[in-house]
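Position 1 is the first residue of the sequence; numbering continues from there.
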Amino acid sequence: MRALDLPETPRLVLSFDFDGTLHDPAQSPPVADAFFEKIAALRAGESAVWGINTGRSMEHVVEGLIESRFPFAPDWVVARERELWFPNAVGRWVGDEEWNKRCEKDHKKFFRKVRRLMKAIRSEIEEHTGAQWVEQAGDPAGLIARTEEEMEWIVGKVRELAADEPLLNWQRNTIYLRFGHRNYQKGSSLVRVAEGYGLGPADCFAIGDSHNDFEMLSPGAAARIACPANAVPEIRAHVEAVEGYVCLQSHSQACVEALERFFGSGALQAP
């Protein structure tokens with residue numbers, strides 16, 4: 001699977017969360033054909049580039065693209081909320097070596113610094129909840145709660161314990177949570193992608209549905225912001241607060257709706 005040829009001079013960056021926003025496994029196809037038609041039109045008319053900004057690993061992103069039978073690949077992917085990947089001339093995915101190495105180095109250094117704090121957080125969670133603590137290559141610390149209610153309690157406790165460590169961040173999606181360095185998340189990754197095209201937040205659009213999308217759905221990352229109708233209440237409230245657009249439809253149909261809302265006239269509308 002290859003991406004479309006890049007516009008000679010990209011003028012617009014489109015960022016889509018994957019699970020819960022663009023992709024719906026309950027639908028057939030999981031991503032509506034109308035979405036790809038709209039992307040092709042914006043590429044031709046507005047010199048747009050587009051990508052997936054997700055908590056999935058790159059391996060699972062590729063699986064999702066294949067399962068959903070994408071007619072063409074995205075121009076870029078943010079995987080695990082922080083790693084940058086781009087397709088090469090033969091359709092293989094190549095990491096942004098400078099960014100990804102710096103991200104990995106900073107995470108290793110940071111987690112050595114906060115190992116006592118992480119030990120305290122883990123002890124508290126394991127004592128008071130049934131959540132599963134997860135450590136694996138590339139992800140020094142994370143957890144899986146049994147319910148979203150349990151996750152709410154965990155997030156509150158983590159905020160309390162980590163109040164004096166401003167660089168500790170966590171990305172939550174339903175019952176899953178990944179700890180990380182605050183400087184590396186969907187928002188900062190989108191900024192990095194845009195800079196690679198010589199663009200900035202004023203030239204970016206982003207849509208997402210869950211807690212790990214907060215930084216991406218920020219004016220500091222994208223001037224045009226939206227969420228689908230199925231977004232969690234906190235995201236809906238946030239999008240409204242920053243004067244973004246809350247869609248009437250869900251999943252990929254919402255993505256099309258939001259793109260029509262901001263770019264439907266064929267000319268860039270003011271955010």
Side-chain angles (χ1 to χ4, degrees), residues 4 12-46 48-56 60-61 64-78 81 148 172-176 186-187 190 203-219 221-271:
L4 301 173
L12 183 63
V13 178
L14 309 175
S15 179
F16 303 88
D17 170 53
F18 193 66
D19 296 290
T21 301
L22 181 58
H23 180 267
D24 179 9
Q27 297 297 315
S28 182
V31 179
D33 293 340
F35 170 77
F36 297 106
E37 293 168 4
K38 187 63 180 176
I39 291 294
L42 286 173
R43 195 178 202 78
E46 306 294 352
V49 293
W50 76 286
I52 291 172
N53 203 333
T54 179
R56 286 190 181 210
H60 288 145
V61 171
L65 301 182
I66 294 172
E67 290 171 0
S68 301
R69 299 181 181 179
F70 274 39
F72 47 81
D75 299 303
W76 52 270
V77 167
V78 173
E81 288 118 4
E148 292 204 45
R172 170 191 172 191
N173 193 342
T174 62
I175 62 171
Y176 303 94
K186 286 189 177 187
L190 175 56
D203 311 300
C204 293
F205 160 89
I207 182 169
D209 74 301
S210 196
H211 298 88
N212 63 342
D213 296 313
F214 271 114
E215 290 92 348
M216 178 176 72
L217 302 178
S218 161
R224 298 167 178 84
I225 291 166
C227 69
N230 58 289
V232 299
E234 295 87 346
I235 286 292
R236 290 175 61 94
H238 169 76
V239 169
E240 290 175 346
V242 297
E243 299 183 344
Y245 179 64
V246 178
C247 297
L248 300 177
Q249 300 187 72
S250 299
H251 303 104
S252 59
Q253 294 290 355
C255 294
V256 175
E257 178 187 345
L259 293 173
E260 289 286 351
R261 163 67 174 79
F262 288 114
F263 314 113
S265 67
L268 296 181
Q269 299 178 14

Over all atoms of both residues, closest heavy-atom pair of [X] and [Y]:
| X | Y | value |
| --- | --- | --- |
| A32 | S252 | N-OG, 3.0 Å |
| V242 | P219 | CG1-CD, 4.2 Å |
| S250 | A229 | OG-CB, 3.8 Å |
| P228 | G20 | CG-O, 4.1 Å |
| L190 | A206 | CD2-CB, 4.3 Å |
| C227 | I235 | CB-CG2, 3.8 Å |

Working note: F214 + E234, criterion side-chain contact (heavy atoms from CB on, under 4.5 Å); need CA distance, chi angles, decisive distance, verdict. CA-CA 9 Å; F214 271 114; E234 295 87 346; 3.9 Å; yes

[atom1]-[atom2] distance between [X] and [Y], expressed to the nearest 0.5 angstrom:
| X | Y | atom1 | atom2 | value |
| --- | --- | --- | --- | --- |
| S15 | W76 | OG | CH2 | 3.5 Å |
| I225 | S218 | CD1 | OG | 6.0 Å |
| E46 | L14 | CD | CG | 10.0 Å |
| L248 | R261 | CG | CZ | 11.5 Å |
| T21 | D213 | OG1 | CG | 5.5 Å |
| E148 | H211 | CD | NE2 | 7.5 Å |

Under 4.5 Å between any side-chain heavy atoms of F18 and V61, yes or no?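 They are not in side-chain contact.
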
Is the side chain of [X] donor-acceptor paired with the backbone N or O of [Y] at a distance under 3.5 Å, no angle test?
| X | Y | value |
| --- | --- | --- |
| E257 | C247 | no |
| S210 | N173 | no |
| N230 | H251 | yes |
| H238 | L217 | yes |

Give me the ring orientation class for W50 and F70: parallel if the planes are under 30° apart, tilted from 30 to 60°, perpendicular past 60°.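 Because their plane-to-plane angle is under 30°, the rings of W50 and F70 count as parallel.
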
Please report the C-alpha distance between R43 and D75 in whole Å, then the side-chain angles of each, then the deciding distance to 0.1 Å, and finally whether the salt bridge (Lys or Arg N to Asp or Glu O under 4.0 Å) criterion is met. CA-CA 11 Å; R43 195 178 202 78; D75 299 303; 2.7 Å; yes

Quick check: are there more than 12 heavy atoms from other residues, nucleotides or ligands sitting under 6.0 Å from OH of Y176?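 Not more than 12 within 6.0 Å, no.
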
Residue that, paired with F16, satisfies side chain to side chain contact (heavy atoms under 4.5 Å, CB included) out of T54, N53, I207: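 Testing F16 for a side chain to side chain contact (heavy atoms under 4.5 Å, CB included) against T54, N53, I207 leaves exactly one candidate, I207.
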
Using the rule given for side-chain contact (heavy atoms from CB on, under 4.5 Å), can you reason through V239 versus V246, listing the C-alpha separation, both sets of side-chain angles and the distance that settles it, and then say yes or no? CA-CA 7 Å; V239 169; V246 178; 4.0 Å; yes

Establish, yes or no, whether the cationic atom of R224 lies under 6.0 Å from the six-membered ring centre of F205 and within 45° of the ring axis.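 No cation-pi geometry.
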
Step-by-step side-chain contact (heavy atoms from CB on, under 4.5 Å) determination, L22 to D17: CA-CA 6 Å; L22 181 58; D17 170 53; over 6 Å; no

Walk me through whether N212 and R172 qualify under side-chain contact (heavy atoms from CB on, under 4.5 Å). CA-CA 5 Å; N212 63 342; R172 170 191 172 191; 5.8 Å; no

Hydrogens and angles aside, do S68 and H23 bring a side-chain donor and acceptor to less than 3.5 Å of each other?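 Note: S68 and H23 side chains meet the donor-acceptor criterion.
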
